[in-house]
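Written below as structure tokens is the structure these notes are about.
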Amino acid sequence: ANGNAEAGGCNPNSCPEAGSFNANGNAEACDEETQGPDAERLPDDAMTMSRQGSLSLFRDIPLDDLDAAAHDAYTLSEPKYISKNVNVPVVIVTSEISPWSKSGGLALVTASLAVEFAERGHRTMAISPMYDDYPGVTWMADKTIWLFGCEHQIKYYHLWHQTSEGKGVDYIFVDHPSFHRPGGLYYNQQLGVEYADNLYRFSLFCLASIEAPTCVAPGGAPFGERVMFIANDWQSALVPVYLTHKMRPVGRFTNSRCMFIVHNFGYQGIYPLNKLENNPNGTLPIIVPNVGVWHLGLDGTGAYEHLIYQYPPELRSYEGDDGNVWNLTKGAVLTCDRIVTVSPGYAAEMKTPEGGFKLEELVKGKEFFLTGILNGIDVVAWNPRTDPLLHVNYDEHSFLEGRRQCKLKLQEKVGLEVNENIVLVAFVGRLTMQKGIDIICEALDWMMVDTGNKITGNVQVLLMGNGDECHVQEISEKVRRWPGRVAGMKFDPQLEHLLYAGSDLLLMPSRYEPCGL
């Protein structure tokens, strides 16, 4: 109930099933068709894990087609991190990867990582759930996995993508009925709540991902157990936990290592040990067990201690609540070999009460293994000179006219009054408290009314994104109140390009941002 799916509802406590396993989950977990109720330290010069720039990113781009900063990065500097163990395969485990699945920046970063490691000479596998029927993939293997009291059959599908001569990425998609949902990867978009069986779904995905290097053989040869796993955020946080407490104790994956990348520490994968159920013999609900460590295919106190977290009394949800929850990110922080996050600044923030989200002391305890690598921009996809998704392409010489035409086309497409003299203000992001969408909605009426300050009243606002239903409804109400002046729409990755090209101002009142602002 403390934010797992990046959109768990406006008031998590208002929905008992948000962040908990369904009351009938143990029985339903055995039904393949119905699963899913809603629906040693090295010398300092041995290796450095930080880097700047990206040679392969610019390899196929003419230098005169880069901006000055990118040109300087390419010609004057080398990346700080150079691959020294290219004989070690890389296995990227991610709950989303572009272009197949995307709810935010995670999909873009993991897609870029896959290409980067392949281009640097690593044999590279990228694993993600198969949320839909993806064209061009081929079945490679089945696997039976025990979880939540019974066995579950998953399927592996494969797609090879060549990045350059003799190099490429093996994309592996894990298929299971629980991954196929009509709305949202992690939450029900209509209800604005997290899927009640997410703990089951992503536990299954993590186990399937660990097994993939040995039971899937792209090109006729499996990757084997000597690999570097790269797990990303809470959805794959159980990968290092399973390696530590399930695989290595029985002699498996003893030569593997796991890097855990934190893209957003505010979402940690938190699920209660206990839950409330209706009392058939009285009016007050009763407290019953929710999910035990054995449900996750783990045993022993080691796994329990690594995953358990207890909230202080003032943060507990109900009378009798002991505050005990499973925190998947805590488990990953304690069991992974390296912690990487998306900027040096955010690595520092994670060690503070404000940015550590109750785990700052654990992060400080592993500070030697922590680094931040700043995320960058794809200068191919976001080049206004060549972007095919823009109404008109432009450069520094045709900047004003090009943006003017893009603005007019954007207004037309989203139903705003087509008028180049009105200031067009835009927001694109998840509709959550973190992104400050509530602040924007609170200010909208003021922005629309001419109060004599020569600013308000001559403004249009475009809000684009998916997220909490309460914010969706609030935006819808503003659109009805201010037709032609306020527009709201679901996230559209293609229209997003035109939004950046055509807007006069961008709003980003985020309460925090891992990469900074």
Side-chain angles (χ1 to χ4, degrees), residues 2 4 19-21 25-27 29-30 40 91 93 143-152 154 197-215 225-260 262 268-275 287-311 321-339 358-359 361-363 365-366 369:
N2 291 278
N4 300 329
S20 64
F21 198 72
N26 293 342
C30 300
E40 171 188 35
V91 179
V93 184
K143 183 71 178 180
T144 299
I145 294 177
W146 189 96
L147 195 66
F148 279 85
C150 58
E151 293 182 335
H152 309 275
I154 59 99
D197 63 339
N198 269 353
L199 179 57
Y200 164 78
R201 298 171 75 214
F202 292 106
S203 300
L204 183 66
F205 170 62
C206 289
L207 283 171
S209 298
I210 293 173
E211 296 287 357
T214 58
C215 69
E225 294 189 355
R226 184 175 179 264
V227 299
M228 167 62 83
F229 287 99
I230 301 179
N232 295 270
D233 270 353
W234 72 266
Q235 298 93 333
S236 53
L238 284 175
V239 169
V241 177
Y242 282 132
L243 288 171
T244 299
H245 294 292
K246 189 176 181 70
M247 299 298 173
R248 291 172 184 153
V250 295
R252 297 191 62 194
F253 290 94
T254 56
N255 290 321
S256 70
R257 296 295 182 264
C258 185
M259 182 188 303
F260 181 58
V262 176
Q268 297 182 354
I270 296 173
Y271 299 91
L273 268 69
N274 302 311
K275 62 184 177 182
I287 302 173
V288 299
N290 182 36
V291 179
V293 70
W294 69 271
H295 286 99
L296 306 177
L298 297 166
D299 55 25
T301 58
Y304 178 91
E305 293 296 333
H306 280 157
L307 287 168
I308 198 71
Y309 178 84
Q310 186 177 42
Y311 281 102
D321 181 10
D322 60 10
N324 285 321
V325 296
W326 300 121
N327 187 316
L328 308 188
T329 296
K330 177 198 173 189
V333 168
L334 291 175
T335 57
C336 70
D337 299 287
R338 292 290 188 274
I339 308 170
K358 308 293 187 297
L359 299 184
E361 295 302 321
L362 296 181
V363 176
K366 290 196 71 167
F369 303 99

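For clarity, every value in this text was computed on a predicted model and none was experimentally measured. Quick note: residue numbers are just sequence positions, from 1. The figures here come from the full heavy-atom set of this structure, side chains too, leaving out hydrogens, waters and symmetry mates.
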Does any part of the side chain of D321, heavy atoms only, come nearer than 4.5 Å to the side chain of N274, both counted from C-beta?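 In short, these two side chains do not touch, never coming nearer than 4.5 Å.
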
Heavy-atom pair of closest approach, residues [X] and [Y]:
X    : Y    : result
W326 : V293 : CZ2-N, 3.5 Å
Y242 : L147 : OH-CD1, 3.9 Å
A237 : L328 : CB-O, 3.3 Å
P272 : N290 : O-ND2, 2.7 Å

To the nearest 0.5 angstrom, please state how far the [atom1] atom of [X] sits from the [atom2] atom of [Y].
X    : Y    : atom1 : atom2 : result
M247 : L207 : CE    : CG    : 6.0 Å
I154 : I145 : CD1   : CD1   : 4.5 Å
S203 : N198 : OG    : CG    : 10.0 Å
W146 : L296 : CH2   : CG    : 9.0 Å
R226 : R257 : CZ    : CZ    : 9.5 Å
N232 : F260 : CG    : CZ    : 8.0 Å

Please enumerate all residues that pass side-chain hydrogen bond (donor to acceptor under 3.5 Å, both in side chains) together with N324, with sequence neighbours excluded.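 With neighbours one apart ignored, the set is D322.
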
In this structure, which one of Y311, W234, Y309 forms a side-chain contact (heavy atoms from CB on, under 4.5 Å) with I270?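 It is Y311, the one option of Y311, W234, Y309 that forms the side-chain contact (heavy atoms from CB on, under 4.5 Å) with I270.
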
F229: partners by ring pair (Phe, Tyr, Trp, His ring centres under 6.0 Å), with sequence neighbours left out: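 Listed in chain order: F253.
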
So, using salt bridge (charged side-chain N to carboxylate O under 4.0 Å, His left out) as the criterion, who are the partners of R252 when residues are at least two apart?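 Counting only residues at least two positions away or on another chain, R252 forms a salt bridge (charged side-chain N to carboxylate O under 4.0 Å, His left out) with E211, E225.
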
Just list the side-chain donor-acceptor pairs under 3.5 Å for residues 329-337, sequence neighbours left out, or say none.
residue	atom	partner	partner atom	Å
T329	OG1	Q268	O	2.8
K330	NZ	E305	O	3.0
K330	NZ	I308	O	2.3
T335	OG1	V241	N	3.4
T335	OG1	G331	O	2.6
D337	OD2	C258	N	2.7

If only atom types and distance count, is the side chain of [X] paired as donor or acceptor with the main-chain N or O of [Y] below 3.5 Å?
X    : Y    : result
H306 : A303 : no
R201 : Q235 : no
K246 : G297 : yes

What residues form a side-chain contact (heavy atoms from CB on, under 4.5 Å) with S209, not counting sequence neighbours?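 S209: side-chain contact (heavy atoms from CB on, under 4.5 Å) contacts with V93, I127, F205.
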
With sequence neighbours left out, write down each residue that passes side-chain contact (heavy atoms from CB on, under 4.5 Å) with T144, or none if nothing qualifies.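 For T144 the side-chain contact (heavy atoms from CB on, under 4.5 Å) partners, ignoring immediate neighbours, are E151, Q153.
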
Should the pair Y200 and F148 be assigned to parallel (<30°), tilted (30 to 60°) or perpendicular (>60°) ring geometry?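 If you compare the ring of Y200 with that of F148, the planes turn out perpendicular.
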
Could you go step by step and tell me if L298 and L307 meet the side-chain contact (heavy atoms from CB on, under 4.5 Å) rule? CA-CA 11 Å; L298 297 166; L307 287 168; 3.9 Å; yes

